[in-house]
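The next block holds one structure in the form of structure tokens; read it before the comments.
Order of the sequence lines sets the chain letters (A, B, ...), proteins ahead of strands, with each chain counted from 1. The figures that follow rest on heavy atoms only: side chains count, while hydrogens, waters and symmetry mates do not. As the structure is a prediction and not an experimental result, all values here were calculated from the model.
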2 protein chains.
Amino acid sequence: MKAISKIHLSDLVADSIINFILENNLKPGDCIPTEKEISTLLGIGKTSVREGIAALKAAGLLESRQGGRVYVMEINIESLLRPKSSLPLFQFIEMSGREELDLIVTRGTIEVAAMKEAAKHLTGETTKSLRSSCTQMAQNLSDVNLFIQYDKAFHKEIMLASGNFILPILFELLSDLYTKQFWEFSRRSQAMNRALDFHSKVCAALERGATNEAVEWLERHLADMEARLRGEHMQ
Amino acid sequence: MKAISKIHLSDLVADSIINFILENNLKPGDCIPTEKEISTLLGIGKTSVREGIAALKAAGLLESRQGGRVYVMEINIESLLRPKSSLPLFQFIEMSGREELDLIVTRGTIEVAAMKEAAKHLTGETTKSLRSSCTQMAQNLSDVNLFIQYDKAFHKEIMLASGNFILPILFELLSDLYTKQFWEFSRRSQAMNRALDFHSKVCAALERGATNEAVEWLERHLADMEARLRGEHMQ
DNA sequence: CGTTATTTGTCCGTATGTATT
DNA sequence: AAATACATACGGACAAATAAC
């Protein structure tokens with residue numbers, strides 16, 4: 001008989017502040033009452049107030065400047081979706097074979113859609129940027145970390161070139177998982193060389209203006225990783 | 001001349017705890033040292049320790065019980081992607097016409113991919129569950145909140161039926177935005193009736209075993225919303 | 001089963017530094 | 001230049017819940 005989850009004062013503070021902002025129609029740039037005011041108003045200690053404010057700062061709704069006040073920030077889709085922690089928690093994750101497959105399949109779906117959209121309004125700068133990342137990958141075949149970094153830049157560029165503002169956000173959300181996955185993938189024989197080859201094909205196609213072909217090579221790149229994962233998974 | 005970002009003691013605490021867990025190979029369920037032990041061990045005050053722990057609790061790596069200890073929790077992909085605060089922040093969001101379009105386009109990409117996958121291994125239970133949601137929608141045309149709730153259940157069911165464990169997570173991530181968007185969309189003339197019609201068509205097709213047709217109707221449903229948004233956007 | 005010790009949760013006072021007003 | 005307000009940090013006191021005996 002204790003289904004009631006303990007209510008923390010800091011949560012009440014966070015709710016109160018949200019309600020205060022809504023009721024008083026505060027806009028981004030406005031500031032909320034001082035710590036002491038909130039503390040006396042709600043009749044609780046300043047520690048709890050600070051913790052409640054900290055939660056809202058972590059969520060992106062508030063921002064405080066030392067010596068200044070606590071200001072209301074604009075909440076946009078990116079700040080809503082993006083995890084603020086930046087803690088390296090992905091190292092605690094262990095993906096099953098099935099999860100690895102689902103991840104690469106989902107990645108393929110999203111990324112191919114982005115590439116098709118990007119192909120419709122491709123600029124020379126995007127092509128150049130992609131080629132640059134590709135060159136860097138070729139020069140860093142011996143440094144897996146750097147290789148992955150430029151690989152990530154390559155794929156991020158495609159997501160940005162789609163013109164859809166949500167796709168890069170999803171890519172960033174999943175990118176730590178991609179990195180972890182590719183890191184393990186890179187141990188396989190010739191995995192990096194194969195990846196590099198596909199990237200080069202995409203670049204070459206774009207430079208010839210053959211956008212459809214570029215989409216195909218990207219599809220093959222991700223399908224290739226999927227197939228190799230599936231092969232191991234089946235064994 | 002102050003590019004150096006200030007180092008917070010609480011960040012050091014968080015890093016130290018992460019390292020402690022990795023070095024001592026702590027597993028979910030194990031507990032970390034007490035506040036006092038960490039405090040004396042690192043030679044810093046209790047406040048900083050508590051803040052560092054609070055950050056890791058917010059991220060989902062730790063959990064604490066009053067009177068008990070601070071325990072290590074399991075980090076899986078879902079908790080990594082969705083540590084999010086559970087605060088109702090979406091009510092602060094105002095989407096531009098362009099953002100609404102990008103959102104529905106992205107949703108279409110993901111959801112149609114899920115539907116195609118789901119169609120490959122569809123069960124009678126899924127079909128029944130979808131029909132049930134559809135019936136509930138029809139009975140709640142006058143209650144927008146309930147209508148949206150069952151609409152969400154319908155689409156969630158499709159994501160789950162895909163068998164891909166990542167797609168429902170992405171759907172949940174974006175679902176507050178979908179809800180907000182559909183809420184505004186519901187004001188349009190006949191918007192809810194149109195949506196209901198498409199859902200019925202999907203169900204009917206599935207009940208006839210015509211999975212390809214079901215995929216088509218889902219595509220048309222999302223494309224219809226996109227087209228109507230695009231129409232307003234152009235005006 | 002009850003008592004006690006331990007640990008976290010909450011509250012509060014204090015102090016120093018920093019940036020704004 | 002001074003006052004204000006927040007950031008950071010320390011630590012004591014008590015309450016509440018758990019764990020150990």
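- Nucleotide C/dT6 is matched to D/dA17 when pairs are restricted to Watson-Crick or G-U wobble geometry with both distances under 3.5 angstrom.
- A salt bridge does not link A/D176 to A/K180: none of the charged side-chain nitrogens sits closer than 4.0 Å to a carboxylate oxygen.
- Distance from the side chain of A/S64 is smallest to D/dC6 among D/dC6, D/dA9, D/dA19.
- Proximity of B/R50 to the phosphate of C/dT8: no side-chain N or O atom is located under 4.0 Å from OP1 or OP2.
- Enclosure of atom NZ in A/K116 is not indicated, since only 12 or fewer non-hydrogen atoms of other residues, nucleotides or ligands lie within 6.0 angstrom.
- We find that CZ of A/R65 is positioned 11 Å from P of C/dA19, with the value rounded to whole Å.
- Around CD of B/E226, the count of heavy atoms belonging to other residues, nucleotides or ligands within 6.0 Å exceeds 12.
- For the pair A/L56 CG and D/dC6 P, the computed distance is 15 Å after rounding to whole Å.
- Side-chain atoms of A/D151 never come within 3.5 Å of backbone atoms of A/F147 as a donor-acceptor pair (strictly under, hydrogens ignored).
- Minimum atom distance to the side chain of B/Q66 is reached by D/dA16, of the listed D/dA19, D/dA16, D/dA7.
- Residue whose closest nucleotide on DNA chain C sits further toward the 5' end, between A/V49 and B/V70: B/V70.
- Going from atom CD of B/E63 over to atom P of C/dT8 covers 14 Å, rounded to whole Å.
- Mapping A/Y71 and A/E51 onto DNA chain C via the closest heavy atom, the residue that lands nearer the 5' end is A/E51.
- Distance CG (A/L62) to C1' (D/dA7): 15 Å, rounded to an integer number of Å.
- For A/I17 and D/dC6, the CD1 to C1' distance is 14 Å, given to the nearest whole Å.
- Within residues 30-43 of chain B, the residues having any heavy atom closer than 4.0 Å to DNA chain C are, in order of number, B/T34, B/E35.
- Within 6.0 Å of the CD atom in A/E99, the count of heavy atoms belonging to other residues, nucleotides or ligands exceeds 12.
- Atom CD1 in A/I53 sits about 7 Å away from atom P in D/dA7, given to the nearest Å.
- The phosphate of D/dT8 has OP1 or OP2 within less than 4.0 Å of a side-chain N or O from B/H8.
- The base of C/dG9 does not come close enough to the side chain of B/K46 for any donor and acceptor atom to sit less than 3.5 Å apart.
- Seen from the ring of B/Y178, B/R107 counts as a face-on cation partner, given the 6.0 Å and 45° thresholds.
- A donor-acceptor contact under 3.5 Å is not formed by the side chain of B/S48 with the base of D/dC10.
- Within 4.0 Å (heavy atoms only), A/G45 reaches sugar-phosphate atoms of the nucleic acid but no base atom.
- At a threshold of 4.0 Å, the pair B/E172-B/K156 counts as salt-bridged, since one of the basic side-chain nitrogens sits closer than that to a carboxylate oxygen.
- Across D/dA9, D/dT8, C/dT7, the shortest atom-to-atom separation from the side chain of B/R69 is found for C/dT7.
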